[in-house]
Amino acid sequence: MAATTTTTSASFSRFSVISKPPSQPQFNLFNFPNRTESLNSRTGIDRFRCSAGDTGLFTKLGRLLKEKAKSDVEKVFSGFSKTRNNLSVIDELLLYWNLSDTDKVLDELEEALLVSDFGPKITIKIVENLREDILSGKLKSGSEIKEALKKNVLDLLSNRGSKTEVKLGSRKPAVIMIIGVNGGGKTTSLGKLAYRLKNGGAKILLAAGDTFRAAASDQLEIWAERTGCEIVMAETEKAKASVVLSQAVKRGKQEGYDIVLCDTSGRLHTNYRLMEELIACKKAVAKVVAGAPNILLVLDGTTGLNMLPQAREFNEVVGVTGLILTKLDGSARGGCVVSVVDELGIPVKFVGVGEGVEDLQPFDAEAFVNAIFT
């Protein structure tokens with residue numbers, strides 16, 4: 001489909017605003033009707049109206065994302081198959097467990113958790129909790145130990161990262177900025193998130209804030225076409241990312257968009273200059289919409305515990321509000337999900353469990369625990 005370039009006012013003259021109308025009817029993931037008309041042109045009672053005083057689109061989207069996480073158990077289950085295979089040894093250990101074998105069994109259980117990247121701190125905490133309950137007589141069978149293990153992991157996720165739903169607030173547009181290192185899957189995650197939110201009834205604008213990588217804007221443009229969203233892009237190679245994002249959010253505010261999804265350049269957490277650029281992007285967005293943006297950090301699940309230093313640094317610089325863990329379907333290191341939540345207290349919002357457009361799944365702690373421990 002050929003892209004058309006339009007500008008809405010003089011203030012956007014330096015930027016391309018590319019309309020990507022869907023070429024066919026969009027599958028409605030949440031059973032909401034597709035919205036083709038502008039919110040500003042609607043009259044009467046608007047079922048998607050959102051203000052600080054009522055339950056609007058943002059609240060509904062959050063609820064529906066949460067419901068979707070619980071309904072897509074099979075996708076999560078299959079996505080964590082490699083981690084589950086690593087941990088299947090636990091079932092064998094507990095099958096013929098008896099009290100005299102406690103130390104040996106717990107040592108092997110500890111090894112299985114470490115191999116799956118639960119990390120030493122979490123692993124020791126879990127194993128010692130189990131040891132205490134076994135010796136006190138609270139756990140008297142292998143099946144009880146297995147359930148206690150699952151409960152320990154679920155409690156860790158719930159206590160430190162319970163706010164897994166996406167909080168979009170009450171101001172429009174809601175702004176979500178996607179950040180992370182190179183190659184983590186930021187642009188792909190943004191595109192999949194746009195698909196999910198668009199089919200939930202939201203009017204989405206994409207902002208191509210990755211002004212360093214030439215192919216990034218092209219990649220995001222393809223996602224705009226696939227999802228039927230519009231996109232704001234810089235017309236010059238030397239455009240500042242903060243300016244591109246600021247103009248996109250201004251357009252979103254003026255034209256009644258519900259959500260602006262902002263892509264950013266991949267950067268090493270050790271690169272001071274590029275981290276400073278993220279601060280500039282955050283400030284530029286906040287000048288247009290007070291309290292924005294929500295910042296989602298994309299972490300590559302195949303790196304396991306190596307993601308922790310990255311997450312700490314990004315969080316210290318810009319304040320991360322949620323995590324997207326990608327490529328977990330290709331990794332046996334799913335335990336890193338527990339470690340990153342416990343270490344940083346930042347909730348996981350989404351997990352990538354496949355290549356498909358619907359394989360960016362809203363994170364549900366209970367579904368995750370059931371997926372890695374059969």
Side-chain angles (χ1 to χ4, degrees), residues 4-21 35-43 46-62 166-179 190-191 193-194 196-198 200-211 217 220-221 223-224 227-235 239-264 278-296 318-319 321-322:
T4 59
T5 303
T6 61
T7 52
T8 57
S9 66
S11 63
F12 299 113
S13 60
R14 296 171 55 200
F15 298 88
S16 297
V17 182
I18 301 178
S19 300
K20 296 290 183 181
R35 299 163 63 210
T36 55
E37 67 269 37
S38 167
L39 286 175
N40 292 335
S41 66
R42 300 275 295 271
T43 59
D46 189 342
R47 65 175 297 190
F48 294 109
R49 180 171 53 87
C50 183
S51 66
D54 67 1
T55 301
L57 173 63
F58 294 165
T59 303
K60 291 177 182 177
L61 278 174
V166 178
K167 295 288 188 181
L168 297 174
S170 58
R171 289 188 175 92
K172 291 206 315 185
V175 184
I176 298 175
M177 192 164 79
I178 308 293
I179 66 173
L190 186 150
L193 183 57
R196 191 171 284 278
L197 294 173
K198 174 74 182 291
K203 185 180 179 183
I204 307 293
L205 180 64
L206 307 184
D210 186 348
T211 56
S217 293
L220 194 62
E221 191 175 349
W223 274 108
T227 58
C229 297
E230 291 193 347
I231 179 172
V232 174
M233 304 168 65
E235 290 186 334
K240 289 185 177 180
S242 58
V243 177
V244 176
L245 299 190
S246 176
Q247 293 294 332
V249 175
K250 286 177 182 177
R251 172 175 162 84
K253 191 173 183 179
Q254 291 177 7
E255 298 187 12
Y257 282 88
D258 298 312
I259 302 171
V260 180
L261 296 177
C262 302
D263 195 16
T264 61
L278 275 186
I279 297 174
C281 289
K282 181 179 179 180
K283 289 180 177 178
V285 169
K287 287 180 180 179
V288 183
V289 177
N294 281 303
I295 298 178
L296 299 185
V318 291
T321 56

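Worth knowing before you read on, the calculation uses all heavy atoms, side chains too, and leaves out hydrogens, waters and symmetry mates. The first residue in the sequence is number 1, and the count goes up from there. These numbers come from a predicted model, not from an experiment.
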Minimal non-hydrogen separation, [X] against [Y], with atom names:
{"X": "K172", "Y": "Y257", "result": "CB-O, 4.2 Å"}
{"X": "L205", "Y": "A248", "result": "CD2-O, 3.3 Å"}
{"X": "G209", "Y": "A241", "result": "O-CB, 3.3 Å"}
{"X": "S217", "Y": "M233", "result": "CB-CE, 3.4 Å"}
{"X": "L206", "Y": "C229", "result": "CG-CB, 4.1 Å"}
{"X": "L245", "Y": "T264", "result": "CD1-CG2, 4.4 Å"}

How long is the straight-line distance from [atom2] of [Y] back to [atom1] of [X], given to the nearest 0.5 Å?
{"X": "E255", "Y": "E230", "atom1": "CD", "atom2": "CD", "answer": "7.0 Å"}
{"X": "K283", "Y": "K287", "atom1": "NZ", "atom2": "NZ", "answer": "8.0 Å"}
{"X": "R196", "Y": "I204", "atom1": "CZ", "atom2": "CD1", "answer": "12.5 Å"}
{"X": "T321", "Y": "N294", "atom1": "OG1", "atom2": "CG", "answer": "4.5 Å"}
{"X": "I178", "Y": "I295", "atom1": "CD1", "atom2": "CD1", "answer": "10.0 Å"}
{"X": "L197", "Y": "I176", "atom1": "CG", "atom2": "CD1", "answer": "6.0 Å"}

Donor-acceptor contact below 3.5 Å, side chain K282 vs main chain M177
no
Using only atom types and a distance under 3.5 Å, with no angle test, would you say the side chain of D258 pairs donor to acceptor with the backbone of K203?
yes
Residues forming a side chain to side chain contact (heavy atoms under 4.5 Å, CB included) with S242, sequence neighbours excluded
K240, A280, C281, A284
Pick one: which of V289, I259, V288 meets side chain to side chain contact (heavy atoms under 4.5 Å, CB included) with P173?
V289
